[in-house]
Amino acid sequence: MKARTASLLLMAPALLLLAAVFVYPLLRYGWLSFQASSVLTGLVPVPNGGANWGRLLDDARFWADAFQTLRFAVCSVALELAGGLGLALLLHRPLRGRGTLRALTLLPWALPTTVMALGWRWILNDPHGPLNAAIRSLGGSSYGFLSTPATTWFFVVLADVWKTLPFVALLLLAGLQTIPEDLEEALRLEGAGRLQILRRLTLPLLVPYLTLALLFRLAQALGVFDLIQVLSGGGPAGSTESLALYAYLNAMRFLDFGYAATVMLATFLLLLVLLGGGWLLWRRGDLQGRRERAA
């Protein structure tokens with residue numbers, strides 16, 4: 001009992017900080033989502049009986065942004081997990097200058113997202129960016145990479161993958177270093193090749209690290225804001241607009257704080273559903289795998 005009390009006292013500062021930066025704003029959003037708070041009310045919250053939620057259900061722009069955000073999250077996270085695994089396997093091998101290579105790999109992750117997005121915007125600038133300059137030097141003509149929905153979406157995903165892939169690789173590299181070398185050596189003695197070792201040993205032992213990377217990155221990708229705001233502004237014609245950017249526009253451009261809070265809370269609920277479903281699927285697969293190994 002004394003140990004439990006001592007542990008709670010030690011956790012108290014962290015719990016208070018969590019309540020201040022997460023729980024209170026979440027409750028505030030929940031309360032504000034049932035209020036009309038806009039220029040029409042003089043920015044004074046007025047109860048509206050849940051009209052914001054009814055508006056949300058009929059808001060075609062919200063559902064379009066929800067689809068775009070989900071598509072962005074699925075594509076970027078899938079590429080980051082696959083690329084991060086490959087990069088982690090490479091950095092785990094005994095290479096000359098491996099420490100320097102690991103440090104250089106982390107540079108994209110260390111850059112602030114705004115600075116990185118400005119860099120990509122400069123590279124893709126029409127007609128003065130380096131990419132268009134290279135195309136003209138080869139005899140082609142400049143292309144508006146950020147003025148076409150398909151290419152803009154592609155480069156938004158590419159920029160996100162370029163920045164966050166090192167983070168995934170770092171997590172998986174930490175997992176690779178926990179795998180005993182004697183297990184891998186035993187499989188080699190049995191005649192297993194690299195692919196067999198990867199399938200039978202490495203991937204099963206990396207499942208907790210893959211799950212952690214998936215949860216972290218999925219939560220960040222569903223809340224993407226600064227990358228899209230700086231790189232594309234949600235355009236062209238709203239084709240890359242995310243839910244976080246839509247909430248920001250409602251709050252800061254249209255001064256409709258009640259509806260902005262509703263959009264943010266709906267995004268949070270969507271995130272909970274996706275993460276909860278992913279966790280349940282992982283638990284079911286983990287339990288099934290344990291039963292098969294026990295049998």
Side-chain angles (χ1 to χ4, degrees), residues 68-121 123-124 130-131 145-146 150-179 184 193-228 230-232 240 242 271 274-275 278-279 281-282 285:
Q68 288 169 176
T69 304
L70 186 59
R71 181 180 63 160
F72 167 83
V74 169
C75 292
S76 62
V77 173
L79 290 172
E80 288 157 12
L81 289 176
L85 177 61
L87 184 58
L89 291 171
L90 176 64
L91 295 176
H92 186 59
R93 298 182 63 186
L95 302 172
R96 180 177 296 179
R98 184 173 60 177
T100 303
L101 183 60
R102 288 177 178 178
L104 292 175
T105 302
L106 289 175
L107 283 178
W109 173 250
L111 284 174
T113 303
T114 301
V115 175
M116 180 273 296
L118 284 173
W120 277 94
R121 185 165 185 148
I123 291 172
L124 301 172
L131 186 55
F145 293 103
L146 296 180
T151 55
T152 303
W153 186 83
F154 170 78
F155 280 108
V156 166
V157 173
L158 180 62
D160 185 67
V161 171
W162 181 82
K163 176 175 173 55
T164 54
L165 188 145
F167 169 74
V168 176
L170 184 64
L171 282 178
L172 299 184
L173 180 61
L176 288 172
Q177 293 178 341
T178 65
I179 299 177
E184 186 173 339
R194 289 185 177 179
L195 289 178
Q196 289 178 314
I197 293 174
L198 178 65
R199 181 176 58 85
R200 294 170 55 188
L201 175 67
T202 307
L203 287 180
L205 293 180
L206 279 182
V207 166
Y209 298 89
L210 286 167
T211 304
L212 182 63
L214 172 65
L215 294 179
F216 266 111
R217 283 301 304 134
L218 190 59
Q220 291 172 340
L222 288 173
V224 62
F225 169 75
D226 43 1
L227 170 64
I228 292 178
V230 176
L231 182 56
S232 68
T240 59
S242 66
L271 176 62
L274 292 175
L275 294 183
W279 183 81
L281 288 175
W282 174 76

Asker: Determine the minimum heavy-atom distance between Leu165 and Leu79, stating which atoms define it.
Answerer: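 Looking at all heavy atoms of both residues, the closest pair is CD1-O, 4.3 Å.
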Asker: Which heavy-atom pair separates Trp153 from Cys75 by the least distance, and what is that distance?
Answerer: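 Closest approach of Trp153 to Cys75, heavy atoms only: CH2-SG, 3.6 Å.
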Asker: Using side-chain heavy atoms (C-beta onward) and a distance below 4.5 Å, is Met116 in contact with Leu227?
Answerer: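 Contact flag for Met116/Leu227 side chains = yes.
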Asker: Any side-chain heavy-atom pair from Leu274 and Leu70 closer than 4.5 angstrom?
Answerer: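 Result yes, sub-4.5 Å side-chain heavy-atom pair found.
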Asker: How many angstroms lie between CG in Leu206 and CG in Leu171, if you round to the nearest 0.5 Å?
Answerer: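 Leu206 atom CG to Leu171 atom CG measures 11.0 Å (nearest 0.5 Å).
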Asker: Would you say Ile123 and Phe155 make side-chain contact, with heavy atoms under 4.5 Å?
Answerer: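 In short, these two side chains do not touch, never coming nearer than 4.5 Å.
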Asker: Could you measure the distance from the CZ atom of Arg121 to the OG1 atom of Thr114? Nearest 0.5 Å is fine.
Answerer: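 That separation rounds to 12.5 Å.
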Asker: Could you grab the distance from atom OG1 of Thr105 to atom CG of Leu173, nearest 0.5 Å is fine?
Answerer: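 Rounded to the nearest 0.5 Å, the OG1-CG separation comes to 9.5 Å.
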Asker: Provide the closest heavy-atom pair for Ala169 versus Ala88 in the form atom of the first, atom of the second, distance.
Answerer: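 Distance-wise, the nearest heavy atoms are O-CB, 3.6 Å.
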Asker: Are the side chains of Leu111 and Trp162 in touch, meaning some heavy atoms are under 4.5 Å apart?
Answerer: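 They are in contact (side-chain heavy atoms under 4.5 Å apart), so the answer is yes.
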Asker: Search all heavy atoms of Leu104 against all heavy atoms of Pro108 and return the closest pair with its distance.
Answerer: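 In terms of heavy atoms, the two residues are closest at O-CD, 3.9 Å.
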Asker: Regarding Gln68 and Arg71, do their side chains bring together a donor and an acceptor under 3.5 Å, going by distance alone?
Answerer: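 On atom types as modelled, these side chains do not qualify, holding no pair under 3.5 Å.
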Asker: State, to 0.1 Å, how close Leu231 and Ala117 come at their nearest heavy-atom pair, and which atoms those are.
Answerer: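 The pair with the smallest heavy-atom distance is CD1-O, 3.8 Å.
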Asker: Do Leu81 and Arg217 come within less than 4.5 Å of each other through their side chains, counting heavy atoms only?
Answerer: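 SC-SC contact between Leu81 and Arg217 ruled out.
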Asker: CG of Leu87 to CG of Leu170: how many Å apart, nearest 0.5 Å?
Answerer: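 Spacing of CG (Leu87) from CG (Leu170) equals 10.0 Å.
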Asker: Shortest non-hydrogen contact from Ala213 to Val168?
Answerer: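 Shortest heavy-atom separation between Ala213 and Val168 comes out as CB-CG1, 4.2 Å.
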Asker: For the atom pair OH (Tyr209) and CG (Leu85), what is the distance rounded to the nearest 0.5 Å?
Answerer: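 Rounded to the nearest 0.5 Å, the OH-CG separation comes out at 14.0 Å.
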Asker: Which residue is it: Leu107, Leu158, Thr113? I am looking for the one with a side-chain contact (heavy atoms from CB on, under 4.5 Å) to Lys163.
Answerer: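 For Lys163, the side-chain contact (heavy atoms from CB on, under 4.5 Å) test succeeds with only one of Leu107, Leu158, Thr113, which is Thr113.
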Asker: For the pair Trp109 and Phe167, name the ring-plane relationship: parallel under 30°, tilted 30 to 60°, perpendicular over 60°.
Answerer: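 Correct class here is parallel.
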Asker: How long is the span from the CG atom in Leu172 to the NE2 atom in His92, to the nearest 0.5 Å?
Answerer: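 Those atoms lie 12.0 Å apart.
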Asker: Under 3.5 Å, is there a donor-acceptor pair between the side chain of Ser232 and the main chain of Thr240?
Answerer: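 No, because the side chain of Ser232 does not come within donor-acceptor range (under 3.5 Å) of the backbone of Thr240.
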